[in-house]
Amino acid sequence: MVDILEGLNPQQTAAVTAPDGPVLVLAGPGSGKTRVLTHRIAYLVDQRGVPPWHILAVTFTNKASREMRSRVEGLLGGALQGITLGTFHAVCARWLRIEADRYLDGLTSEYVIYDEADQLKLVKDVIVTELNLDDKTNQPARILNAISAAKNDLISPADYQPRSYREEIVLRVYERYQERLRASNAVDFDDLLMRSVELFARHPDVLARYRRTYTHILVDEFQDTNAAQYQLVRLLAGDAGSLFCVGDEDQSIYRWRGADYRNVLRLREDYPALRTYLLEQNYRSTQSILDASRAVIDRNANRTPKVLFTHNGPGESLILYEAHNEQFEADFVVRTIAMLVRQGITEPGGCAVMYRTNAQSRVLEDAFVRANLPYRLVGATRFYGRREIKDLLAYLRVIHNPADQVSLLRVINTPPRGIGDRTLQTLTAWATSMGVSLYEALNRLLTDPDSSPLTGRARNALAGFAALLNGWRELRDKVALPVLLRQILDETRYQQYIDDGTEQGTERWENVRELLNLTAEYEELPLATFLEEVTLVSDVDTLIEDVNAPTLLTLHAAKGLEFDVVFLVGLEEGILPHERSRDDPEAMAEERRLMYVGMTRARKLLYLVYSFARTMWGDQMLNTPSRYLSDIPASLVSMAPGQSFAVHRLRAETTWMSGSPRVERAAEDEAIAFKTGQRVYHPKFGEGIVVECKSSGTDQEISIAFREAGMKRLLASYANLTPLDG
DNA sequence: GGCTCATATTTTTTT
DNA sequence: AATATGAGCC
């Protein structure tokens with residue numbers, strides 16, 4: 001048994017040993033946030049005698065929860081029995097599975113989870129065939145986004161207030177979409193949260209039961225909770241509950257998914273007794289990396305300023321490299337990693353290359369392949385997103401839950417078995433007229449074929465499929481999962497269908513075999529568990545740890561990780577910050593946080609790389625270097641070896657601008673709102689105090705009493721003001 | 001009903 | 001550049 005408080009600094013110890021009741025730990029990157037959370041769990045179990053099954057710990061990735069479990073077990077010196085530890089989505093999925101039959105309308109414990117592709121199919125079908133709308137003007141993806149946003153804010157179709165014609169359409173699709181989910185006995189990702197909130201809000205007895213169970217609730221990455229998740233935590237913790245949240249506003253990067261860092265403020269309001277702990281010592285990075293990161297993040301308004309310090313020493317300068325194009329960019333990365341490894345500065349596994357979009361990984365992969373060096377790729381084409389995998393999972397889902405219409409339609413003619421659009425239309429119309437599901441209609445076709453409008457070849461094809469499906473359904477309870485899957489593969493001749501002799505076909509069959517291997521691990525478990533896990537587990541979670549090779553990953557996937565050497569590539573306007581965020585100040589603030597997250601992943605060395613030219617959408621683009629580069633003081637950065645002085649001078653105006661931090665202009669970042677009494681700094685007028693604020697349009701007209709220059713009226717967007725704190 | 005070829009569209013980030 | 005959709009033909 002390890003001493004649980006050993007090796008913690010005083011701030012961390014205070015947080016870990018905090019008395020029961022609401023606690024918020026605000027902490028910068030590399031300050032041991034997750035460590036505090038794991039030690040807190042161990043402390044509760046070991047020192048306070050809390051039984052593990054009274055503990056609920058939620059994280060945002062499966063990887064984080066797995067890591068947390070093993071760390072707590074390490075501290076306690078044994079397996080941790082009964083603790084509920086997982087992502088919000090996984091935990092909710094389990095609760096719904098248990099409670100659905102008794103408490104949830106239109107949902108049984110056999111329910112399946114629809115991923116984004118399934119959702120899109122459903123939305124598209126609703127738009128095109130149910131509402132007879134054009135899916136060009138009413139883009140399914142956009143409508144789905146709107147629906148998802150509503151769900152994340154816990155707005156049901158009944159509560160949805162359309163404020164425009166577009167939203168009118170969203171509402172109509174939303175209503176029908178929910179009906180279709182219900183008919184399929186399915187939930188989407190957002191429903192997992194929303195229906196859990198519904199469960200607790202509508203059934204006080206159930207809530208009371210869960211509250212008795214979970215006397216201690218811990219939340220990691222609290223800044224990334226959305227309204228539904230917050231509500232869930234709020235309900236379960238009650239007013240006096242023991243709630244322990246850790247987070248960092250500056251690392252909030254999931255706003256587009258409904259996350260709202262203002263939940264941190266809400267927590268303060270909802271829990272006046274909230275104890276807040278700040279962790280400001282960084283154990284990860286060098287001072288240079290910290291200072292540079294701070295220079296970048298300091299320009300975001302509306303944040304609690306944190307002074308991060310480290311005892312790691314200044315370390316090396318950051319290194320800036322301008323590549324001619326993305327190929328050279330990738331070559332530079334590969335070459336440099338090889339050099340660092342050769343010099344013994346780091347191992348290959350200590351290096352990571354981070355980028356804004358998955359599309360950027362391709363060129364990097366090519367460069368590694370050319371250099372004959374191994375690498376680990378996180379994300380990109382997700383394993384479970386591959387067509388052949390989705391096909392087979394759809395088979396399993398229909399066998400598990402035949403109401404699942406999306407999956408049924410996916411497999412009914414895959415591989416082709418003579419069931420075309422016309423036949424499907426007839427079948428659907430017939431099923432609708434009888435008010436039954438497609439599966440029930442198929443069965444009726446078997447028992448009483450002459451009652452159907454289907455004849456000849458079409459009828460035979462459908463009956464054949466129905467017989468297959470029923471056969472597998474019987475088999476399901478008798479044999480293990482791998483046997484069932486093998487049977488499906490055999491009876492559908494899936495290999496002949498997918499492996500057409502081409503390289504791609506062979507690769508697809510390899511993937512199928514990989515899936516077969518995977519099912520072996522679930523031999524003893526119910527099919528529901530398997531289906532749930534493959535839907536909720538992402539590729540980020542399946543990162544293989546034991547290969548000593550550089551990691552390629554998006555900035556989003558990088559959160560919570562750290563590496564000796566980090567390469568941030570594609571640091572260009574349009575990529576980071578991303579083009580799509582340009583018009584939204586809040587989104588722009590998030591792009592900046594993304595840069596910050598990337599920079600603070602580095603322990604020893606940080607390379608900042610951008611390209612002069614880049615091929616995008618088949619076109620040559622000349623992007624300017626990212627604005628974030630010019631926020632980093634020149635004194636912290638040096639040029640990469642081999643960079644010519646000319647290149648340096650070429651970018652001089654745009655790349656170098658050191659000096660006092662300036663908050664991003666209001667035109668770009670609406671988040672700045674000055675209040676009377678606020679102390680500010682102006683480069684020309686010096687220090688002053690805001691005495692009056694008037695909002696004019698999106699801007700603010702503020703009167704400031706300057707110590708030296710007297711009263712001035714200024715427009716916030718042009719004034720270049722820095723708020724002074726304390 | 002299914003296959004092939006041409007055209008359009010895509011790319012933000014993920015549970 | 002790579003994949004998804006659609007038209008046209010068998």
Side-chain angles (χ1 to χ4, degrees), chain A residues 58-65 86-93 113-117 119-121 124 128 135-136 139-141 145 148 151-152 187-193 221 224-226 228-229 252-259 326 354-363 366 378-382 384-387 413-425 456-458 461 497 500 504 532-541 553-559 570 574-582 584 587 590-591 593-595 597-598 614-619 621:
Chain A
V58 272
T59 58
F60 268 81
T61 63
N62 293 290
K63 183 177 189 296
S65 56
T87 62
F88 271 101
H89 290 85
V91 167
C92 287
I113 303 166
Y114 278 2
D115 68 13
E116 201 183 322
Q119 296 181 57
L120 263 178
K121 274 197 181 137
K124 193 174 173 190
V128 177
D135 67 342
K136 290 272 186 330
Q139 284 177 29
N145 265 337
S148 176
K151 287 185 173 189
N152 283 328
V187 298
D188 61 21
F189 280 129
D190 307 313
D191 280 342
L192 287 171
L193 305 172
E221 307 279 12
D224 281 327
T225 50
N226 63 29
Q229 287 157 336
S252 167
I253 52 174
Y254 286 104
R255 197 186 76 97
W256 48 273
R257 217 169 65 184
E326 71 271 22
M354 301 177 188
Y355 35 81
R356 177 66 232 269
T357 66
N358 279 311
Q360 290 168 259
S361 72
R362 197 178 195 87
V363 194
D366 285 347
V378 179
T381 355
R382 312 160 78 85
Y384 297 114
R386 289 168 216 262
R387 198 179 72 200
N413 199 33
T414 312
R417 49 173 75 89
I419 302 170
D421 285 347
R422 286 295 272 278
T423 309
L424 276 181
Q425 269 174 32
R457 259 202 321 213
Y497 165 65
D500 52 7
Q504 203 181 32
E532 193 171 293
E533 290 201 9
V534 296
T535 316
L536 295 178
V537 168
S538 74
D539 279 7
V540 183
D541 307 316
L553 74 181
T554 63
L555 289 163
H556 283 88
K559 195 165 70 160
I575 298 176
L576 186 70
H578 197 275
E579 182 70 38
R580 298 275 274 252
S581 298
R582 199 182 46 192
D584 180 354
E590 184 147 306
E591 297 288 324
R593 292 195 290 269
L594 216 36
M595 175 78 181
V597 166
R614 179 179 297 271
T615 316
M616 290 166 88
W617 305 283
D619 252 339
M621 306 280 290

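Labels below follow one simple rule: chain letters A, B, ... track the order of the sequence lines, proteins then strands, and each chain is numbered from 1. Scope of the values below: all heavy atoms of this structure, side chains included, with no hydrogens, waters or symmetry mates.
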Closest to side chain of A:R362, choosing from C:dA2, B:dT14, C:dT5: C:dA2
Closest contact, heavy atoms only, A:E116 versus A:F189: N-CE1, 4.2 Å
Member of A:L192, A:T59, A:L193 meeting the side chain to side chain contact (heavy atoms under 4.5 Å, CB included) criterion with A:F88: A:L193
A:D190 CG - B:dT14 P separation (whole Å): 16 Å
Whole-Å C1' distance, B:dT13 and C:dA4: 22 Å
Between A:E326 and A:T615, a side-chain donor and acceptor under 3.5 Å: yes
Presence of A:N226 side-chain N/O under 4.0 Å of B:dT15 phosphate oxygens OP1/OP2: no
Under 5.5 Å and under 30°: A:F60 stacked on B:dT15: no
Distance, rounded to the nearest Å, where A:Q360 contributes CD and C:dA1 contributes C1': 15 Å
Check: A:H578 main-chain N/O paired with A:E591 side-chain donor or acceptor under 3.5 Å: yes
For A:E579, all residues meeting side chain to side chain donor-acceptor pair (under 3.5 Å), sequence neighbours excluded: A:R582
Protein-nucleotide distance (A:E590, atom CD; B:dT13, atom P), rounded to Å: 13 Å
Candidate nucleotides B:dT13, B:dT15, B:dG1, ranked by approach to the side chain of A:R257 - the nearest: B:dT15
Position toward the 5' end of DNA chain B (nearest nucleotide), A:L594 or A:R422: A:R422
Sugar-phosphate, base or nothing in reach of A:R457, heavy atoms under 4.0 Å: nothing
Atom pair distance, as rounded to whole Å: CD in A:Q425 and C1' in B:dG1: 13 Å
Shorter than 3.5 Å, N or O on both sides, protein versus nucleotides 2-11 of chain B: list them out with atom names.
unit_1, atom_1, unit_2, atom_2, d
B:dG2, OP1, A:G418, N, 2.8
B:dG2, OP2, A:N413, ND2, 3.1
B:dT11, O3', A:R580, NH1, 3.1

Atom pair distance, as rounded to whole Å: CH2 in A:W256 and P in B:dT13: 8 Å
A:L424 CG - B:dG1 C1' separation (whole Å): 11 Å
Residue of the set A:L555, A:L594, A:T554 for which side chain to side chain contact (heavy atoms under 4.5 Å, CB included) holds with A:M354: A:L555
Residue list, side chain to side chain donor-acceptor pair (under 3.5 Å) with A:S148, at least two apart or on another chain: A:D190
For atom NZ of A:K151 and atom C1' of B:dT14, their distance in whole Å: 16 Å
Spacing of A:L555 atom CG relative to B:dT13 atom P, expressed in whole Å: 11 Å
Audit row: A:D584, A:R255, salt bridge (Lys or Arg N to Asp or Glu O under 4.0 Å) steps and yes/no: CA-CA 12 Å; A:D584 180 354; A:R255 197 186 76 97; 2.7 Å; yes
B:dG1 phosphate, OP1 or OP2, under 4.0 Å from A:T423 side-chain N/O: yes
DNA chain B: 5'-proximal contact among A:A458 and A:F189 (nearest heavy atom): A:A458
Residue-phosphate contact under 4.0 Å: A:T554 side-chain N/O, B:dT14 OP1/OP2: yes
